[in-house]
Amino acid sequence: MELVPGIKLAVQAVLAEKYNHRIDSQDVLVNETKPEFKGDYTVVLFSYSKILKISPDALGQGIGEFLLNSNPDWFSEFNVIKGFLNLVMADNILIDFLHTQYNNASYGSQSVNGKRVMVEYSSPNTNKPLHLGHLRNNFLGWSVAAIYKTLGYDMIKTCIANDRGIHICKSMVAWKLFANGATPESTGLKGDHFVGDYYVLFGIELKKQVETLMTSGLAREKAEKEAPLMIAAQKMLVDWEAGVPEVIELWKKMNDWVYAGFDITYKRIGSDFDKIYYESQTYLLGKDLVEIGLAKKVFFKKEDGSVWIDLKPDGLDEKIVQRSDGTAVYMTQDIGLAERKYEEYHTDLSLYVVADEQNYHFKVLKLICQKLQLPSAAGLYHLSYGLVELPSGRMKTREGTVVDADDIIDEMTSIAAKHTEELGKVDDFTEKERKELYDTIGLGALKFFLLRVDPKKRMVFNPDESIDFHGFTGPFVQYAHARIKSILRKESMGEYSGSEITSLLPLEKELLISLEKYSSLLQQACTEMNPSLVANYVFSIAKIFNSFYSEHSIGRAESEYKKQLRLRICVMTARVIQSAMSLLGIKVPERM
RNA sequence: GGACCGGUAGCUCAGUUGGAUAGAGCAGCUGCCUUCUAAGCAGCAGGUCAUUGGUUCGAAUCCAAUCCGGUUCACCA
C-alpha cells in the first residue's frame with residue numbers, strides 16, 4: 001500500500017468509526033508537511049471541522065490519537081496546529097519499504113493493461129531540417145509514449161511525414177533551376193540541410209522577382225502570384241498530382257536526401273517510430289467521408305459546390321471540408337487519417353503531439369469526427385504544447401533566427417566534452433567511451449532543458465546563454481547517479497535482513513519518503529501527459545541524495561548495519577534515477 | 001472584433017480540484033575538497049504572485065472588470 005492512499009483510507013476509517021461521517025477517501029486532503037513543522041504528511045481538517053461542528057484542534061487531536069492507536073506500525077507521532085494534522089510516519093514502515101523494493105527492477109511500472117494508445121509526434125516537413133521546436137515535440141512525444149508504456153499500455157509511436165504540397169515543390173523548383181545537379185554527396189552536406197538550403201533559396205529568389213514586378217507597377221499580392229518561380233512551383237504541384245514521371249522522380253530523389261538526413265538526427269536523439277504515415281499516401285483519405293457526411297446531413301453543399309459543416313451551434317464557425325473544385329482540404333485529410341489509424345490499430349486513445357497554434361484545428365477535427373459518429377472520435381486527443389521562443393519572440397526562418405537541431409546538439413555535446421576534459425575525471429576512458437559520455441551528457445542537458453517545463457506552456461530559449469550544466473539540469477541528475485555508482489563499485493552489499501536498523505536520520509527518511517512517491521508520481525505524469533513532473537521529481541531525488549551524501553558517510557557509516565541500509569538506499573536511488581531519466585529519454589552514466 | 005492561452009524574484013521556471021510564513025535553478029554575495037566524484041554541499045540576499053474589486057475562517061489559485069503579451073478565426077498546411 002502506498003503511503004498517501006493509505007493515509008487517506010485511514011482518515012476515512014477514523015471519520016466513519018469515530019465521528020460517523022462518511023466520505024470518499026479520495027477527498028481527504030493530504031499534503032506534504034511544510035519543512036518548518038514537524039511531520040511528514042499533513043491532513044487538512046477545516047472542512048470536516050465545519051461539518052462536524054468540532055473545533056479543528058479537538059478534531060485533530062481526536063483523529064491523531066485514533067490513527068496512532070489503530071495504525072501503530074504506520075504512524076509514530078502527530079501534532080495539530082490550527083486545522084492541520086501533521087503526521088510523523090513510523091521509521092519502520094519506510095525501512096520495510098526499502099527492504100522489499102530496493103532491488104525491484106520494475107519498481108514504478110505496472111503490468112500490461114490491454115489498452116492501446118497511439119501517439120503521433122515529430123511529423124516534419126520534408127523540405128527543411130529539424131529545429132529546436134521539433135526537438136521539444138520529439139522529446140515530448142517520445143517521453144509520453146515511454147511513460148504510458150511503463151504503466152502497462154500497448155504503445156504505437158507514429159509520425160506523419162508532410163512530404164507533398166506546395167512547400168515541397170518550392171525546394172524542388174529551386175534545385176532544378178539553381179543547383180546544376182549538385183547533390184548532398186557532391187557538396188558534403190547532410191541531406192535535409194542540403195534540401196533546406198534550396199527552400200531558403202527559393203524564398204530569396206522569389207523575393208527578387210516580386211520586387212522587380214512591383215517596380216513595374218504590380219501590387220504585392222498580384223506580384224507574388226505572378227512571379228515566374230511561384231508559377232513554376234504551382235505547375236510542379238499540378239504535375240506531381242498528375243504523376244508526371246520526371247517530377248515524381250525528382251520528388252523521390254529529394255525526399256530521400258531529406259530522410260537520410262533525418263535518420264541521422266533521429267538516431268542521435270533516440271527518436272523512433274513503429275509506423276510512419278506519408279501525406280503523399282494519405283492526402284486523398286477522407287474524400288469518401290464527405291459523401292457520408294452529406295448523406296447524414298452533417299455537411300451541406302453551397303451553390304458553388306464547396307462542402308461545409310456548420311459549427312455555429314457549438315460556438316464555432318462554418319468550416320470547409322471540400323473545395324468547390326472537389327479537392328480535399330487539410331481537415332478532411334485529417335479526418336480520413338484518424339479513421340485509417342483506428343481501422344489499423346483499434347486504439348483506445350490516439351494522441352497528437354502538435355503545437356498549440358493548432359488548438360482550433362483539433363477542436364474542430366474532434367467535433368466533426370463526433371458528428372460523423374466515427375469510432376475514432378472518442379479517443380482523439382490533441383496533446384497541445386507551447387512553442388519554443390527566443391527572448392525576441394518566435395523563431396523566423398526569414399530572419400535566420402531558427403535554432404537548428406543538429407547545431408544545438410553539436411553545441412551541447414562539445415560543451416559537455418569541454419567540461420569533462422577540464423574536470424579530468426575520465427582521463428582513462430577510450431576515445432569511444434568519451435564520445436559516448438559527451439553524447440549522454442550533452443543530450444541529457446538538452447532533453448532535460450526542454451522537458452522540465454510544463455508542455456502546455458511556451459518556453460524561452462536564449463541562444464546567447466548556453467544551456468546550463470549545473471543546478472536544475474540533466475547533468476546534475478546524471479552526476480548524482482554517477483556518484484552512487486562510484487560508491488557501489490567500492491563497497492559491497494553484505495548481511496542485512498531489514499530489521500537490524502529501527503530508526504532513520506532525517507535525510508535518510510526524507511529520501512525514502514520521496515522514493516516511495518515514484519509510483520503515484522508516474523500515474524500523475526501519465527494522466528496529465530506531462531513529463532515535466534518526472535523531470536521535477538527526479539531532480540528533487542538527486543538533490544536530496546546529494547545532501548544525504550555530503551552529510552552522511554556510506555562506506556564509513558556508524559555501524560555495519562547502517563552501512564548496509566545506506567547502500568540499499570543508494571541502490572534504490574540509482575534505480576529510480578535511472579528509471580525516471582529513461583522515461584525522459586535520457587541515459588545516465590556510470591562515471592562522469 | 002469573437003474564441004482560446006498566458007502575466008509569480010534581475011533571468012528561466014515550480015506551485016492553481018482554495019490551506020500554514022509563495023518555492024527551485026541561474027546570475028550576485030559568504031563559507032566548505034589530507035575521508036565514498038566540488039558537474040557538489042551549507043548559508044545570505046532577492047516578491048505589491050500584472051491591476052482593482054468581490055466570494056470566505058482562509059485566495060497566487062475561484063468570480064468580475066481593466067491593462068499587457070501571444071495564438072487562432074483562409075476554398076493555406
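So that the names make sense, note that chain A is the first sequence line, chain B the second, and so on, each numbered from 1. Keep in mind the model is a prediction, meaning the values are calculated, not measured.
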| task | Looking at every strand, decide which applies to A/Arg458 at a 4.0 Å heavy-atom threshold: base, sugar-phosphate, or nothing. | result | base
| note | Whichever of A/Leu423 and A/Ser47 has the more 5' nearest nucleotide on RNA chain B, that residue is A/Ser47
| query | Heavy atoms under 4.0 Å, any strand shown: does A/Ile441 hit a base, just sugar-phosphate, or nothing? | reply | base
| task | Measure from the side chain of A/Val44, starting at C-beta and using heavy atoms only, and say which of B/A77, B/G19, B/A20 lies closest. | result | B/G19
| remark: Winner on side-chain proximity to A/Glu357, out of B/U71, B/U12, B/C36, is B/U71
| note | Judged by nearest nucleotide, the residue sitting upstream toward the 5' end of RNA chain B, A/Phe461 or A/Lys363, is A/Lys363
| field | Closest listed nucleotide, where the reference is the side chain of A/Phe472 and the choices are B/A14, B/A39, B/G25 | value | B/G25
| task | Choose from B/U17, B/A20, B/U37 the nucleotide whose nearest atom is closest to any side-chain atom of A/Thr42. | result | B/A20
| request: For B/G25 versus B/U72, give the span between their C1' atoms, rounded off to a whole number of Å. | output: 34 Å
| Among the nucleotides B/C26, B/U37, B/A77, which one has an atom lying closest to any side-chain atom of A/Asp468? | B/C26
| For B/A77, does either OP1 or OP2 sit under 4.0 Å from a side-chain N or O belonging to A/Arg323? | yes
| What's the closest nucleotide to the A/Ala482 side chain, out of B/U37, B/A20, B/C76? | B/U37
| Looking at B/A38, does its base get a donor-acceptor pair with the side chain of A/Ser550 below 3.5 Å? | no
| request: Specify the closest pair of heavy atoms between A/Tyr283 and A/Ala328, including all atoms of both residues, with the distance to one decimal. | output: O-CB, 4.1 Å
| Pairing partner (Watson-Crick or G-U wobble, both distances under 3.5 angstrom) of B/C41 | B/G31
| said: I'd like to check the salt bridge (Lys or Arg N to Asp or Glu O under 4.0 Å) partners of A/Glu421; sequence neighbours left out, ordered by chain and number. | reply: none
| Sugar-phosphate, base or nothing in reach of A/Asp454, heavy atoms under 4.0 Å | sugar-phosphate
| task | Just do the salt bridge (Lys or Arg N to Asp or Glu O under 4.0 Å) check on A/Asp310 and A/Lys371 with the steps written out, would you? | result | CA-CA 11 Å; A/Asp310 184 8; A/Lys371 287 180 186 290; over 6 Å; no
| Between B/U37 and A/Lys425, is there an OP1 or OP2 to side-chain N/O distance shorter than 4.0 Å? | no
| said: Taking B/C13 as the reference, what is the distance to B/G7 when you measure between their P atoms (whole Å, please)? | reply: 11 Å
| Does NZ in A/Lys418 sit with more than 12 non-hydrogen atoms of other residues, nucleotides or ligands closer than 6.0 Å? | no
| Whole-Å gap separating C1' (B/C41) and CG (A/Leu507) | 11 Å
| request: Take the angle between the ring planes of A/Phe472 and A/Phe448 and call it parallel below 30°, perpendicular above 60°, tilted in between. | output: perpendicular
| query | Roughly how many Å is it from CG in A/Leu446 to P in B/A39, rounded to a whole number? | reply | 22 Å
| request: Decide yes or no, distance alone: a donor-acceptor N/O pair under 3.5 angstrom between the base of B/A42 and the side-chain of A/Asn546. | output: no
| query | If you measure from the P atom in B/C41 to the same atom in B/C57, how many Å do you get, rounded? | reply | 44 Å
| task | Check the distance between B/A77's P and A/Leu365's CG and give it to me in whole angstrom. | result | 15 Å
| Please give, in whole Å, the distance from B/C36 C1' to A/Lys485 NZ? | 15 Å
| task | Flag the pair A/Tyr352 / A/Tyr381 as yes when their ring centroid distance falls below 6.0 Å, and as no otherwise. | result | no
| said: Taking only the C1' atom of each, what is the distance from B/A42 to B/U55 in whole angstrom? | reply: 44 Å
| remark: A/Ile320 CD1 to B/C73 P, in whole Å, measures 14 Å
| Residue A/Phe46, side-chain heavy atoms: nucleotide from B/U72, B/U37, B/C57 that is nearest | B/C57
| Is A/Arg452 near enough to B/A24 that one of its side-chain N or O atoms lies under 4.0 angstrom from OP1 or OP2? | no
| task | May I ask you to say what A/Gly555 touches in the nucleic acid, namely base, sugar-phosphate or nothing, with a heavy-atom cut-off under 4.0 Å? | result | base
| request: Could you check how far CZ of A/Phe476 sits from P of B/U12, rounded to whole Å? | output: 22 Å
| Which nucleotide, in any strand shown, forms a Watson-Crick or G-U wobble pair with B/A24, with both distances under 3.5 Å? | B/U12
| A/Tyr561, OH atom: more than 12 neighbouring heavy atoms under 6.0 Å | no
| query | What is the pairing partner of B/A3, taking Watson-Crick or G-U wobble pairs with both distances under 3.5 Å in any strand? | reply | B/U71
| Options B/U37, B/C36, B/C41, nucleotide nearest the side-chain atoms of A/Tyr479 | B/U37
| If you check the A/Ile487 side chain, which of B/A39, B/A20, B/U37 turns out closest? | B/U37
| Donor/acceptor link under 3.5 angstrom from A/Lys457 side chain onto base of B/U16 | yes
| query | When the distance from CG of A/Leu488 to P of B/C36 is rounded to whole Å, what number comes out? | reply | 15 Å
| query | Taking O4'-C1'-N9-C4 for purines and O4'-C1'-N1-C2 for pyrimidines, is B/C63 syn (within 90° of 0) or anti? | reply | anti
| field | Atom-to-atom span, CD1 of A/Ile586 to P of B/A39 - whole angstrom | value | 19 Å
| task | Select one nucleotide: of B/U37, B/A14, B/A77, the one nearest the side-chain heavy atoms of A/Tyr330. | result | B/A77
| request: For B/G31 versus B/G69, give the span between their P atoms, rounded off to a whole number of Å. | output: 45 Å
| query | What distance, rounded to whole Å, do you find between the two C1' atoms, one in B/U48 and one in B/G2? | reply | 33 Å
| query | Sub-3.5 Å donor-acceptor pair from the side chain of A/Gln478 to the main-chain atoms of A/Lys587, do we have one? | reply | yes
| Can a side chain N or O of A/Lys543 be found less than 4.0 Å away from OP1 or OP2 on B/A24? | no
| task | Using the P atom as the reference point in each nucleotide, state the distance between B/C49 and B/U21 in Å, no decimals. | result | 15 Å
| said: So for atom CD, which belongs to A/Glu221, do other residues, nucleotides or ligands contribute more than 12 heavy atoms lying within a distance under 6.0 Å? | reply: no
| What integer number of Å spans the P atoms of B/G19 and B/U61? | 10 Å
| said: Tell me whether the side-chain N or O atoms of A/Ser547 pair up with the base of B/A42 as donor and acceptor below 3.5 Å, since no angle test is needed here. | reply: no
